[in-house]
Structures are given as C-alpha cells and as structure tokens.
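Scroll down for the structure; my scribbles are underneath it.
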Amino acid sequence: MQADDHAVEEILAEGRRFMVPLYQRKYQWDDARLEPFWEDVEAKAVEVLEGESKFQHYMGALILSPIGEAAQIGVTPRVQVVDGQQRLTTFQLFLAALREVARKHDCPDIIEHVQDYLFNKLKSKDTDKLTRFKVTPTPSDREVFHDIIEKTHDEVRRDYAKHYWGGRVPKNTQHRALRAYELFYQKIDHFAQYGPTDYDFGDEEEETSAEAITDETDTREALEQRLEALLTALLNRMKLVVITLGEGDDAQVIFETLNSKGQPLLAMDLVRNNIFHRAEKENAEVDELYHKLWDPFDHTWWREPAPFARPRRPRIDHFLAHVLAAETGQKISMRELYAEYRAFAVPKGRPRFPSVEDELEVLQDYAPLYETLEGRKKEDDDLHWLGQKLAAWQVTTAYPVAMQIARSGIDVEEKRQLYRLLYSYVVRRALSGLTAKNLNRVFQALSHEFAQEGASLSTFSAYFAALTGDSTRFPNDEEFKRGVINLPAYSLAPGTRIKDVLWELELASRSKFAEEIEMPSGLWVEHVLPRSWNEDWPFEDGDLQSDGQATHAQKSEIRCWTRWEI
C-alpha cells in the first residue's frame with residue numbers, strides 16, 4: 001500500500017479511468033454536504049483573488065486499487081475507487097457546472113482548460129466508448145452523470161425538464177447529481193458576477209431579497225478572474241490523501257477502518273492537544289492548568305454551531321478564529337484553523353508567550369467578550385447591545401473589531417461611540433443600496449489598523465476617510481436619507497434586519513419619559529398596502545404596472561400609502 005497527498009489537479013490530470021464498483025452506493029451528497037464543500041471552495045477562491053492563500057485544504061482520502069496490469073501500451077489505465085467516490089464525483093459535477101458558467105459568459109479558455117479534467121484522450125487500443133470519461137459511476141448514476149459531463153447546461157435542463165420544479169431541482173429528487181450540478185451552477189454564476197455571498201443553500205422556498213447589488217469591481221475582467229480563482233481553488237488548493245493498494249491489501253478492511261464511526265475531532269480539539277503537549281514539555285502542572293483555564297471551554301454551549309456565522313462550525317472554532325484575528329489583525333482561515341493557531345502560538349518555531357499558562361489566560365480574557373456578543377452573558381451592556389444588532393444583521397465578521405474595542409484602554413463613552421459606528425456602517429450601506437459583500441474585507445482591514453495603532457475613534461475615522469469606493473465607503477447623512485426615502489428598504493434589509501430598523505425608529509419616536517423595554521420577540525412586518533394590489537386599486541391613469549415599472553408620480557402615490565409602514 002502506498003499513501004501520499006496530492007492536489008486534485010494531479011489526480012484528475014493523469015490519463016486514468018476511475019471506476020466506481022457496482023457495490024458502491026449511488027451518489028448521495030445532499031445540501032448538508034454540498035454547502036460546506038461550496039463554502040470551502042469559495043473561501044479558497046477568495047484567498048486566491050486576494051493573494052492570501054497560505055494553506056492547502058485536505059478533503060479526505062481517496063483509496064484506489066489498480067485493475068489489471070499497471071501499464072499497457074495504447075490502453076488507458078483503469079483504477080477501482082474503493083473509497084472517495086462521493087468526493088470524486090462532486091469534483092466532476094463542480095467542474096462541469098463551472099464550465100457551463102464559463103460558456104454562459106463566453107470564456108472559451110476556461111472551457112477548454114476544464115475539459116482536460118473531465119475527459120481522457122483516447123488511446124489507440126481503447127475500445128470502450130466510456131473510457132473518454134474520467135469517472136465511471138455505478139450504473140444507476142451513469143446516464144445522468146455522463147449527460148451532465150458531456151452536454152451543455154441548456155441541453156441538460158431540456159432533457160431532464162421533468163425533474164425540475166420552478167426552475168430548480170427539488171431537494172428530494174432521485175437524481176442527487178442533478179441537484180448538485182444545478183446548485184453549483186447557480187452558486188458559481190453568482191460568485192462570478194458579484195463575488196462572495198452570504199446566502200445559504202436551500203433558500204429557494206424563502207422570501208427572496210433584492211437582486212444582487214453590483215459595484216465598481218464587477219467588471220468583465222473581474223468575472224473571468226473569479227472563475228479562474230474558483231478553478232484554482234478546487235484544483236490546486238484542495239488536496240486528497242491518495243492510498244493506492246497493492247495486490248496483497250484487503251480493500252474492504254481498509255475501507256471499514258477509514259470509515260469507522262468515531263466522532264471527528266474539532267479544530268479546537270487539535271489546538272487543545274497541541275497546547276497541553278507543549279505544557280507537558282514545560283513541566284507545567286497540566287491537570288491544574290486544564291481545570292483552571294480550559295475546563296470552561298468543555299461546556300456543550302461551546303460545541304453548538306454558531307447561529308449566524310459562516311462556515312457552519314461550533315462556536316469554539318469561531319471563537320478561536322476571532323481571537324487570532326483580534327490579536328494579529330490578520331485574515332484567519334477557518335478551514336485551516338489548527339495550522340493558523342500553531343503559526344500564531346509558535347511563530348517560526350519561537351513561542352509567542354512566556355509560558356502556556358500565559359497563552360491560556362489570553363483565551364480566557366477573550367471568552368466573556370465572545371459570550372457577551374453571542375448573548376450568553378450581559379456583563380457589558382454596550383457590548384451586549386452590539387451583539388444583538390450584529391445578530392439581527394448576521395454580521396459576525398465584526399466580532400474581532402468589537403473584541404479589540406472591548407479590550408482597549410479607551411473610556412466607556414468612546415467604546416460606546418465605536419460600537420454605534422460599527423452598527424451604523426452596516427445599516428447605512430444596506431439602506432443606501434450599497435453592496436454588503438465586502439464587509440468581511442473591510443472589518444478585517446479595520447482590525448489590522450486597530451492591532452497596529454490601537455482601537456480609537458481617531459483610528460476608526462482615519463481608516464474610513466481613506467475608503468472612497470462604492471464597495472467600501474461609509475455613506476454620509478444625505479446619501480442615507482435619499483436611500484431611506486427612495487429605495488425599497490423591505491427588500492434591501494429583509495427579515496430581522498427590517499424589524500431592527502423599524503424598532504430603532506420606534507425608539508427614536510419615544511420621549512424620555514417612555515418606559516425602556518427590549519424589543520419583544522415574535523414581531524413581524526405587516527403590509528398595510530398588499531404586495532399585489534394593482535388590480536383592486538389601480539392608478540388614476542388606469543395603468544396596472546408593478547412598482548418596479550411605475551412612473552415617478554406613481555411611486556410617490558405608493559409612498560403616500562406605505563411610507564415606513566411597509
């Protein structure tokens with residue numbers, strides 16, 4: 001048995017035919033597996049675009065067993081996929097979807113490049129027509145899979161029209177590969193046009209928000225660069241441990257061993273093991289350190305998924321990423337969190353802290369701040385308020401900045417002003433009709449400034465004064481006022497966001513004598529004027545145009561009815 005790690009490109013570039021055994025399962029990946037996969041590729045693509053790709057991401061194992069003699073002149077080698085066929089199939093579906101998005105936007109070079117990872121070049125003695133496909137799945141999946149690989153997106157939608165519903169492939173489809181292909185196509189197309197997104201899979205049944213807002217970075221050249229970044233992310237930044245079996249290896253035993261039912265380790269489990277291994281080398285009192293400084297992190301609350309953060313990971317992992325970002329001011333990759341922590345704790349082989357106890361005390365200092373932002377504690381009213389606002393707007397990328405402010409030596413009033421400015425920036429951009437897709441980058445750069453200069457109003461003001469582009473700037477009062485009056489706030493800030501805006505307006509309208517209460521749970525937005533009202537209440541001129549097509553005078557009439565009551 002030989003084992004080595006390889007990038008996806010190395011695996012697919014070689015002229016081989018990957019045969020999935022008959023006894024293997026059909027393609028099974030559903031949205032719960034596809035979403036994390038997409039998030040991993042998207043995150044790596046963003047790193048590629050920003051020139052910050054530090055680590056490769058391991059996707060698991062691929063176990064192969066050669067079929068027949070290793071090398072025959074004029075014949076494409078065949079290998080049996082003992083384990084890893086689900087990942088391998090997903091890679092192929094992703095590449096096919098990316099090729100079709102490239103076709104949609106007329107990027108012939110990308111199309112040609114992708115084809116080399118989907119098809120083999122036939123050799124002189126190849127007789128099986130399916131040899132041209134890199135992957136041969138089980139017979140039950142074969143037809144739809146090869147149609148996806150071989151045909152255009154339009155042809156696939158035409159040939160499998162009966163499996164679509166409302167333009168989408170339902171979650172409960174019998175053709176999981178078709179569902180994955182369509183989801184990837186939509187995600188890749190959106191990323192190519194607008195960059196990274198905060199939308200989740202499976203939102204087709206929810207009320208949709210406004211169309212994506214473009215900015216000055218959404219150019220034809222940028223579209224092609226984003227497609228290339230996705231391709232680079234999958235082929236070069238994703239790796240598999242490839243295990244090639246020999247004649248004497250029992251494939252089934254190895255398969256069962258690697259697919260045992262053990263609970264996978266979290267990134268924080270690996271961090272904990274690394275910390276206490278170093279503590280033992282320091283001859284520290286490990287048991288005492290554990291109970292004093294680590295035991296609180298073993299509470300189940302820390303292992304629950306962080307409700308508003310992406311990617312979907314336990315709170316303990318997000319907490320650690322926020323701490324590293326706040327301490328260093330650098331962008332932290334959630335996908336390589338353990339590697340990030342090792343680089344932080346022992347940079348270039350030299351410990352950052354005098355002892356492991358000092359290292360653990362830093363984590364303990366940050367813990368109550370994160371718990372306050374997440375609503376578990378309320379020791380700091382101002383920080384708790386900011387946490388509620390960031391939860392309503394689902395912007396946890398501001399946590400490192402909030403933590404830096406909370407731990408700074410500035411007075412309480414300056415902290416309060418900075419918290420409100422963070423909130424104001426998020427709300428103003430939304431209601432002014434400006435894109436929110438660069439919030440991650442803006443807050444990461446701000447945390448870098450705070451790490452270098454210290455958290456303060458002057459540092460905050462100087463940082464935002466330098467941001468002038470539509471994709472990052474801080475909207476002024478006049479622009480914000482125009483947005484509130486003229487733009488569709490309900491769709492620009494859907495769900496909990498519009499409720500938060502309306503609640504703030506409610507508070508602002510009260511006098512100082514009004515009772516101070518928190519926003520009640522269970523509130524909803526009522527449409528005083530029905531959303532589909534044209535036929536029953538036509539305009540005076542008799543037109544039945546939708547609001548999006550109405551004249552300026554008609555829109556004024558609509559606002560007279562609706563104003564802020566939606």
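Since this is a predicted model, take the numbers as computed values, not measurements. Counting from 1, the numbers follow the sequence of the chain as shown.
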Greater than 12 external heavy atoms within 6.0 Å of Glu221's CD: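 For Glu221, atom CD is not crowded (no more than 12 foreign heavy atoms under 6.0 Å).
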Within a radius of less than 6.0 Å around CZ of Arg407, do more than 12 heavy atoms belonging to other residues, nucleotides or ligands occur?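 Yes, CZ of Arg407 has more than 12 neighbouring heavy atoms, counting only those of other groups under 6.0 Å.
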Where do Trp385 and Tyr419 land on the ring pair (Phe, Tyr, Trp, His ring centres under 6.0 Å) test, with the steps shown first? CA-CA 9 Å; Trp385 172 87; Tyr419 294 150; 7.9 Å; no
Under the criterion side-chain contact (heavy atoms from CB on, under 4.5 Å), I'd like the reasoning laid out for Met334 against His318: C-alpha separation, chi angles, the key distance, then a yes or no. CA-CA 8 Å; Met334 279 291 300; His318 283 282; 3.9 Å; yes
Is any side-chain heavy atom of [Y] closer than 4.5 Å to one of [X]?
X      : Y      : answer
Leu34  : Phe37  : no
Trp29  : Arg179 : no
Arg158 : Asp154 : no

Can you name the residues that form a side-chain hydrogen bond (donor to acceptor under 3.5 Å, both in side chains) with [X], not counting sequence neighbours?
X      : answer
Lys499 : none
Lys331 : Glu50
Ser458 : Ser456
Ser424 : Arg428

Under-4.0 Å salt bridge between [X] and [Y]:
X      : Y      : result
Arg103 : Glu100 : yes
Arg473 : Glu479 : yes
Lys415 : Asp382 : no

Just by distance, do the side chain of [X] and the backbone of [Y] share a donor-acceptor pair under 3.5 Å?
X      : Y      : answer
Arg157 : Gly167 : yes
Lys187 : Trp38  : no
Glu340 : Ser333 : yes
Arg226 : Gln193 : yes
Arg220 : His105 : yes

Could you tell me which residues satisfy ring pair (Phe, Tyr, Trp, His ring centres under 6.0 Å) with [X], sequence neighbours excluded, listed by chain and number?
X      : answer
Phe450 : none
His57  : none
Phe474 : Tyr425, Phe464
Tyr185 : His153

Tell me, please, which residues at least two apart from Arg510 pass salt bridge (charged side-chain N to carboxylate O under 4.0 Å, His left out).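 Residues passing salt bridge (charged side-chain N to carboxylate O under 4.0 Å, His left out) with Arg510: Glu506.
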Can you sort out the partners of [X] under side chain to side chain contact (heavy atoms under 4.5 Å, CB included), two or more places apart, ordered by chain and number?
X      : result
Glu518 : Lys378, Gln388
Glu413 : Asp411, Arg416, Gln417
Asp109 : none

Under 3.5 Å, is there a donor on one side chain and an acceptor on the other for Tyr463 and Glu453?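 Not at all, the side chains of Tyr463 and Glu453 share no donor-acceptor pair under 3.5 Å.
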side-chain contact (heavy atoms from CB on, under 4.5 Å) for Ile405 and Leu422? Distances and angles first, verdict last. CA-CA 11 Å; Ile405 296 169; Leu422 288 174; 3.9 Å; yes
